[in-house]
There are 2 protein chains.
Amino acid sequence: MAREKNYVSEAVMRRMPKYYRYLTDMESNGIERISSKELSQRMGLTASQIRQDFNCFGGFGQQGYGYNVSELRQEIHNILGLTNDNNFIVIGAGNLGQALANYTGFEKEGFTVKALFDINPRLIGLSIRGIPVYDIDELETHIARNQVHMVAICTPKEKAQEIADKVIGCGIKAIWNFAAIDIATPPDVIVENVHLSDSLYTLSFRMNDL
Amino acid sequence: MAREKNYVSEAVMRRMPKYYRYLTDMESNGIERISSKELSQRMGLTASQIRQDFNCFGGFGQQGYGYNVSELRQEIHNILGLTNDNNFIVIGAGNLGQALANYTGFEKEGFTVKALFDINPRLIGLSIRGIPVYDIDELETHIARNQVHMVAICTPKEKAQEIADKVIGCGIKAIWNFAAIDIATPPDVIVENVHLSDSLYTLSFRMNDL
DNA sequence: TAGATTGTTAATCGATTAACAATC
DNA sequence: TAGATTGTTAATCGATTAACAATC
């Protein structure tokens, strides 16, 4: 069925990577077909919700059969935009920035860290897994001369907005923000936040209920 | 008003750390009082929602006045359980585990990394910012002999469930999971996930809409 | 074919927003 | 007091679940 992308709610969108994870896992375990019911049991969702979710993008299943795991995985692969190669740069070459650069897991889905940037002279000139650390002053030139699809911000929160403004000025449309602050952006720029302290406080909050 | 903790929805709970962030920021900028309306403008929520959220925990405001920033911040501090000291250990001393150990930002809210654990002999015996890296074989003994409130799992996904089972066996009730897998736990054990790849794929998904 | 399971519509549930009386 | 703003109830909206006809 044709892939028609209507409005997709935040809730549905957030479940897509999870489907992708489970389907990738099942495929590598040689599972060929799955019903919404069985998938619901594995994932802790309802079968109804799963069918509703997939039908936001068109029907991928077959009555009486269920879903072909490889096919469905491929569809979600496409939906998530993992067919594209995405270069990203990491701003802030501290521990977290270096951890992102060192992590190779994203590469097999086409996400490649091309460079890091920092203000610290002791970091500038280093190379992390072959990825160079440049002076932050070279940021704009670098973006202008290279294909950069995304920027990860791993600076202290005090610098995050300033950095964001700068890269947005360079035409960047997608920011992966690790700084503990909400970044203000124009409507055509996407920010995906990873607020580690929010996550930790949530864990702490729930510990109180035990 | 008395602090009565009824059922708090996931949605409300997820907003609490954000309130805490904004209130901390406002307090340090010397702002003394705030109305739900003004807070809503700063945070991009509705005033109604903010009042509903706070009233899950009892009323913290005053008609005609609004909310006292310091007081409200303190209330949320308590709600999040940040009055308690929480020791945690990090399992998996790779880049991400080391980044967590190196990050000092959690400490001022009472979260202290006490030890790291790994299987890699080249890492065992090291010390990260004074925090020792132990052999994973010492995990159970360490937990038995020390106060450990939380465990962060930063291992490859293949090892995560096994590690989780082990620490749950030692009585740990709170897991901060960074491995790209959903961990199965008994109902009295809390898992807070930080799935970086899910987050990245979400960003990629939304880039397709631009 | 009969059984299974989808795609999709309808019903329910929960979260957000609006409204307003209470009150500082 | 009059004005402002909360706490709270009622209305709306959206997301989840249930149901079932379509069909493989």
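We name chains A, B, ... by the order of the sequence lines, and we start the count at 1 in each one.
Using a 4.0 Å cut-off, some side-chain N or O of B:Tyr67 falls inside it from OP1 or OP2 of D:dG7. Residue A:Arg51 places no side-chain N or O under 4.0 Å from the OP1 or OP2 atom of C:dG7. Within the structure, every side-chain polar atom (N or O) of B:Gln62 is placed at least 4.0 Å from both OP1 and OP2 of D:dT6. Regarding contacts with the backbone of C:dT16, every side-chain N or O of B:Ser48 stays at 4.0 angstrom or more from both OP1 and OP2.
Checking D:dG7, C:dA19, C:dA15 against every side-chain atom of B:Tyr7, the shortest atom distance belongs to C:dA15. Comparing C:dT16, C:dA19, C:dG7 against the side chain of B:Arg15 picks out C:dT16 as the nearest. Of the candidate nucleotides C:dT5, D:dT5, C:dT16, D:dT5 has the atom nearest to the side chain of B:Gln63. In this structure, the nucleotide among C:dT8, C:dT5, D:dA10 sitting nearest to the side chain of B:Gln52 is D:dA10. Here the side chain of B:Thr46 is nearest to one of C:dG7, C:dT17, C:dA18, namely C:dT17. With D:dT8, C:dT8, C:dT17 as the candidates, the nucleotide lying closest to the side chain of B:Asn55 is D:dT8.
In this structure, the side chain of B:Gln161 engages the main chain of B:Ala184 through a donor-acceptor pair within 3.5 Å. With hydrogens and angles ignored, the 3.5 Å screen pairs a side-chain donor or acceptor of A:Asn177 with a backbone N or O of A:Ile181.
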Inset, instruction - Please test B:Asp85 against B:His149 for side-chain hydrogen bond (donor to acceptor under 3.5 Å, both in side chains), starting from the C-alpha separation and ending with a verdict. - result: CA-CA 9 Å; B:Asp85 277 341; B:His149 303 93; over 6 Å; no
Inset, instruction - Please test B:Arg73 against B:Tyr20 for side-chain hydrogen bond (donor to acceptor under 3.5 Å, both in side chains), starting from the C-alpha separation and ending with a verdict. - result: CA-CA 6 Å; B:Arg73 177 182 177 278; B:Tyr20 187 66; 3.0 Å; yes
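Following rounding to the nearest Å, A:Lys37 (NZ) and C:dA4 (P) show an atom-to-atom distance of 10 Å. Nucleotide C:dA15 holds its P atom 14 Å from the CZ atom of B:Arg14, rounded to whole Å. Atom-to-atom, CD1 of B:Ile34 to P of D:dA4 comes out at 17 Å; the value is rounded to the nearest Å. The CG atom of B:Leu45 sits 13 Å away from the P atom of C:dA18 (whole-angstrom rounding). If you measure from atom CG of A:Leu72 to atom C1' of C:dT5, you get 14 Å, rounded to the nearest angstrom. Between B:Leu39 atom CG and D:dA4 atom P there is a gap of 19 Å when expressed in whole angstrom units. As rounded to whole Å, 14 Å separates atom C1' of D:dT8 from atom CG of B:Asp53. Across the protein-nucleic acid pair, A:Phe57 atom CZ and C:dT6 atom P stand 17 Å apart, rounded to whole Å.
C:dT8 and D:dA19 make up a base pair, with Watson-Crick or G-U wobble contacts both under 3.5 Å. When both pairing distances are held under 3.5 Å, D:dC24 makes a Watson-Crick or G-U pair with C:dG3.
Toward the 5' end of DNA chain D, the nearer of the two residues A:Gly64 and A:Gln49, judged by each one's closest nucleotide, is A:Gln49.
Evaluation of atom-type donor-acceptor distances gives no pair under 3.5 Å for the side chain of A:Ser9 against the base of D:dA15.
For the ring-ring contact (aromatic ring centres under 6.0 Å, His included) with B:Tyr19, the lone residue among B:Tyr67, B:Phe57, B:Phe54 that qualifies is B:Phe54.
Scanning both residues, A:Gln147 and A:Asn87, for their nearest heavy atoms gives O-ND2, 3.1 Å.
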